[in-house]
A.B. asks: 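Just dropping this structure here.
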Amino acid sequence: MTRVLDAPDRRDGRVYVLSGQIDLAVRVALATGRPLLLRGDPGSGKSSLAAYVARDRGWRYYEHVVTSRTQARDLLWTFDNVRRLADAEARRGRGAPLNDYDYTEPGVLWWAFARASALRRGAPDHVALAGAAVEQDAGTNAARSAEHAVVLIDEIDKADPDLPNGLLVPLGSNEFVVTETNTVIRSAARGEESEEAGTSRHLVIITTNEERALPQAFLRRCVVLWLKHPDEDGLKEIARSHLQTYDGEFTEDDKALAAAVAAEVIKVREAAGQQGLRPPSTAEYLDALRACRALHISVGGADWASLRGLTLVKPQQPEK
């Protein structure tokens with residue numbers, strides 16, 4: 001049977017092999033109300049944890065992938081000054097004054113802290129809006145807890161230190177003020193109505209690939225977990241979970257192939273460590289496994305060396 005691969009990097013939260021250490025880190029972050037900062041090499045499973053936790057708990061999910069241009073305020077709200085100025089010029093001398101709420105767009109932390117307020121862009125009930133704010137994954141989130149949310153702030157090290165420094169107060173107090181409308185955005189207090197009494201209503205997961213050092217003040221305010229690449233047994237368990245979930249089966253042949261490819265990944269990883277090169281990630285392991293499975297290539301077979309070079313061994317410079 002031919003299977004169609006709809007997306008190689010799914011972020012649907014359906015699969016994650018949760019170790020005891022990771023589970024404890026999540027629970028500690030919720031118990032303390034602190035963000036969970038995940039550190040480690042690219043491909044070690046940092047970015048996919050948030051969607052899994054959200055799906056597993058039935059909590060709303062939001063994500064923001066940081067770039068070099070991202071500012072701390074982008075995670076809280078943005079205000080479209082350009083559109084407002086154009087509208088003001090077009091309506092000069094006629095009609096009612098512009099409504100600043102209409103030019104306010106909630107960021108991921110606003111959605112997590114106070115969804116009802118975000119939908120109304122922070123406007124009081126008596127204020128008429130041109131339209132409600134558009135929520136990320138609105139259909140999925142509408143079916144999840146209105147009181148709880150998971151936020152992924154991905155690759156925070158891409159931005160300069162002003163971004164994590166700018167998040168210290170909002171993440172510490174769970175509130176901020178939208179300056180253009182003077183609206184206070186505040187997360188609901190922890191209480192007995194939470195499904196885990198005394199724990200936070202939301203979880204903020206932040207990832208870094210260590211491309212840039214993070215401020216010490218920011219690190220002190222996070223629960224920090226280093227994620228390592230899974231060992232051989234861990235890779236085989238990940239393969240089983242992925243194939244069973246997305247392909248509906250994990251046959252004895254699949255099991256043998258997953259073990260053989262996992263052993264090769266360990267060899268490549270050890271060689272990479274000796275040469276100072278980047279080791280293959282879990283995603284690259286799954287790529288090699290799926291390619292072998294779909295193209296009927298066996299480890300050590302005629303095309304294995306080429307497939308290994310295409311998926312697992314990726315030198316930074318071309319060979320001379």
Side-chain angles (χ1 to χ4, degrees), residues 5 7-19 21-22 25-26 35-54 61 63-70 75 108 150-161 163-164 204-215 218-219 222-239 241-242 258 261-262 264-291 307-318:
L5 185 63
D9 295 321
R10 299 175 177 89
R11 297 176 83 104
D12 56 14
R14 294 177 63 191
V15 178
Y16 198 92
V17 178
L18 194 70
S19 69
Q21 184 185 33
I22 296 173
V26 169
L36 173 58
L37 175 65
L38 299 179
R39 312 181 75 170
D41 292 331
S44 54
K46 301 185 299 295
S47 299
S48 53
L49 175 62
Y52 172 81
V53 172
Y61 175 68
E63 68 176 38
H64 189 113
V65 180
V66 174
T67 71
S68 59
R69 296 183 179 183
T70 303
L75 302 171
V108 290
V150 177
V151 176
L152 171 65
I153 302 175
D154 207 15
E155 300 186 351
I156 197 172
D157 52 315
K158 290 287 193 296
D160 64 41
L163 189 149
V204 178
I205 294 181
I206 303 170
T207 74
T208 173
N209 289 328
E210 309 298 329
E211 293 184 9
R212 190 191 306 239
L214 296 174
F218 183 77
L219 293 176
C222 294
V223 173
V224 181
L225 176 65
W226 283 85
L227 286 188
K228 298 179 180 180
H229 288 294
D231 60 15
E232 190 168 345
D233 288 338
L235 289 172
K236 291 187 288 187
E237 176 61 19
I238 289 169
S241 297
H242 273 259
V261 177
E264 287 294 313
V265 167
I266 299 302
K267 292 179 184 178
V268 174
R269 191 185 293 171
E270 292 172 350
Q274 295 172 359
Q275 300 172 35
L277 300 176
R278 181 186 64 79
S281 67
T282 302
E284 288 165 319
Y285 163 68
L286 291 171
D287 287 345
L289 174 62
R290 287 190 177 280
L307 188 147
R308 179 176 178 272
L310 291 167
T311 57
L312 301 179
V313 183
K314 300 176 182 177
Q316 297 296 317
Q317 302 294 333

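Please read all numbers here as calculations on a predicted model, not as lab measurements.
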A.B. asks: Find out whether Val53 and Leu18 are in side-chain contact, i.e. whether some heavy atom of one side chain is under 4.5 Å from a heavy atom of the other.
C.D. replies: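 No, side chains not in contact.
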A.B. asks: How long is the span from the CZ atom in Phe218 to the CD1 atom in Ile156, to the nearest 0.5 Å?
C.D. replies: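 So the CZ of Phe218 and the CD1 of Ile156 are separated by 4.0 Å.
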A.B. asks: Any idea which heavy atoms bring Pro164 and Leu214 closest together, and the distance?
C.D. replies: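 Here Pro164 and Leu214 meet closest at CG-CD2, 4.4 Å.
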A.B. asks: Using atom types as modelled and distance alone, determine if a side-chain donor or acceptor of Lys46 lies under 3.5 Å from a backbone N or O of Gly40.
C.D. replies: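 Yes, because the side chain of Lys46 sits within donor-acceptor range (under 3.5 Å) of the backbone of Gly40.
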A.B. asks: Are the side chains of Pro161 and Arg212 in contact, using a 4.5 Å heavy-atom criterion?
C.D. replies: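 They are in contact (side-chain heavy atoms under 4.5 Å apart), so the answer is yes.
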A.B. asks: Say you draw a straight line from CG of Leu75 to CG of Leu163; how long is it, rounded to the nearest 0.5 Å?
C.D. replies: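 Reported value, rounded in 0.5 Å steps: 5.5 Å.
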A.B. asks: Would Lys267 and Glu270 satisfy salt bridge (charged side-chain N to carboxylate O under 4.0 Å, His left out), going step by step from the backbone distance to the final call?
C.D. replies: CA-CA 5 Å; Lys267 292 179 184 178; Glu270 292 172 350; over 6 Å; no
A.B. asks: Distance only, no hydrogens: is a donor on one side chain within 3.5 Å (strictly under) of an acceptor on the other, for Asp154 and Ser47?
C.D. replies: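 Looking only at side-chain atoms, Ser47 and Asp154 do form a donor-acceptor pair, the distance falling under 3.5 Å.
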A.B. asks: Got a second to check how far Glu211's CD is from Ser68's OG, nearest 0.5 Å?
C.D. replies: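 Glu211 CD to Ser68 OG: 11.0 Å, rounded to 0.5 Å.
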A.B. asks: How close do Leu307 and Ala291 get, heavy atom to heavy atom, and via which atoms?
C.D. replies: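 Taking every non-hydrogen atom into account, CD1-CB, 3.6 Å.
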A.B. asks: Which pair of heavy atoms, one from Thr208 and one from Arg39, lies closest together, and at what distance?
C.D. replies: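 Distance-wise, the nearest heavy atoms are CG2-CG, 3.8 Å.
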A.B. asks: If the test is side chain to side chain contact (heavy atoms under 4.5 Å, CB included), which one of Lys158, Glu155, His64 qualifies with Thr70?
C.D. replies: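 So the option named by the test is His64.
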A.B. asks: So, for Tyr285 and Val265, which heavy atoms are closest and what is the spacing to 0.1 Å?
C.D. replies: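 Taking Tyr285 first and Val265 second, the nearest heavy atoms are CD1-CG2, 3.6 Å.
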A.B. asks: Evaluate the criterion side chain to side chain contact (heavy atoms under 4.5 Å, CB included) for residue pair Leu225 and Val223; output intermediate values, then yes/no.
C.D. replies: CA-CA 7 Å; Leu225 176 65; Val223 173; 6.0 Å; no
A.B. asks: Are the side chain of Tyr16 and the backbone N or O of Ala51 linked by a donor-acceptor pair below 3.5 Å?
C.D. replies: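 Such a contact is absent between Tyr16 side chain and Ala51 backbone.
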A.B. asks: Work out which heavy atom in Ile205 is nearest to a heavy atom in Ala50; give both atom names and the distance.
C.D. replies: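 Smallest interatomic distance, heavy atoms only, reads CD1-CA, 3.7 Å.
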A.B. asks: Would you mind reporting whether Leu152 and Tyr61 have side-chain heavy atoms less than 4.5 Å apart?
C.D. replies: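 In contact.
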A.B. asks: Quick check: does any side chain N or O of Thr282 sit under 3.5 Å from a backbone N or O of Ser44, one acting as donor and the other as acceptor?
C.D. replies: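 Judged by distance alone, no pair lies under 3.5 Å.
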A.B. asks: Please report the interatomic distance NE2(His242) to CG(Leu289), rounded to the nearest 0.5 Å.
C.D. replies: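 Reported value, rounded in 0.5 Å steps: 10.5 Å.
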A.B. asks: I'd like to know if the side chain of Arg308 and the backbone of Val313 have a donor-acceptor N/O pair within less than 3.5 Å.
C.D. replies: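 Absent.
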A.B. asks: To the nearest 0.5 Å, tell me how far Asp41 CG sits from Lys228 NZ.
C.D. replies: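 Between atom CG of Asp41 and atom NZ of Lys228 there are 11.0 Å.
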A.B. asks: What's the spacing between Leu286 CG and Leu235 CG if we round to 0.5 Å?
C.D. replies: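 Output value for this atom pair is 8.0 Å.
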A.B. asks: For Gln21, does the CD atom sit with more than 12 other heavy atoms under 6.0 Å from it, leaving out its own atoms?
C.D. replies: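 No - once you tally the heavy atoms of other residues, nucleotides and ligands closer than 6.0 Å, there are 12 at most.
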A.B. asks: Of all the heavy-atom pairs spanning Ala262 and Lys236, show the shortest one and how long it is.
C.D. replies: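 That would be CB-CG, 4.1 Å.
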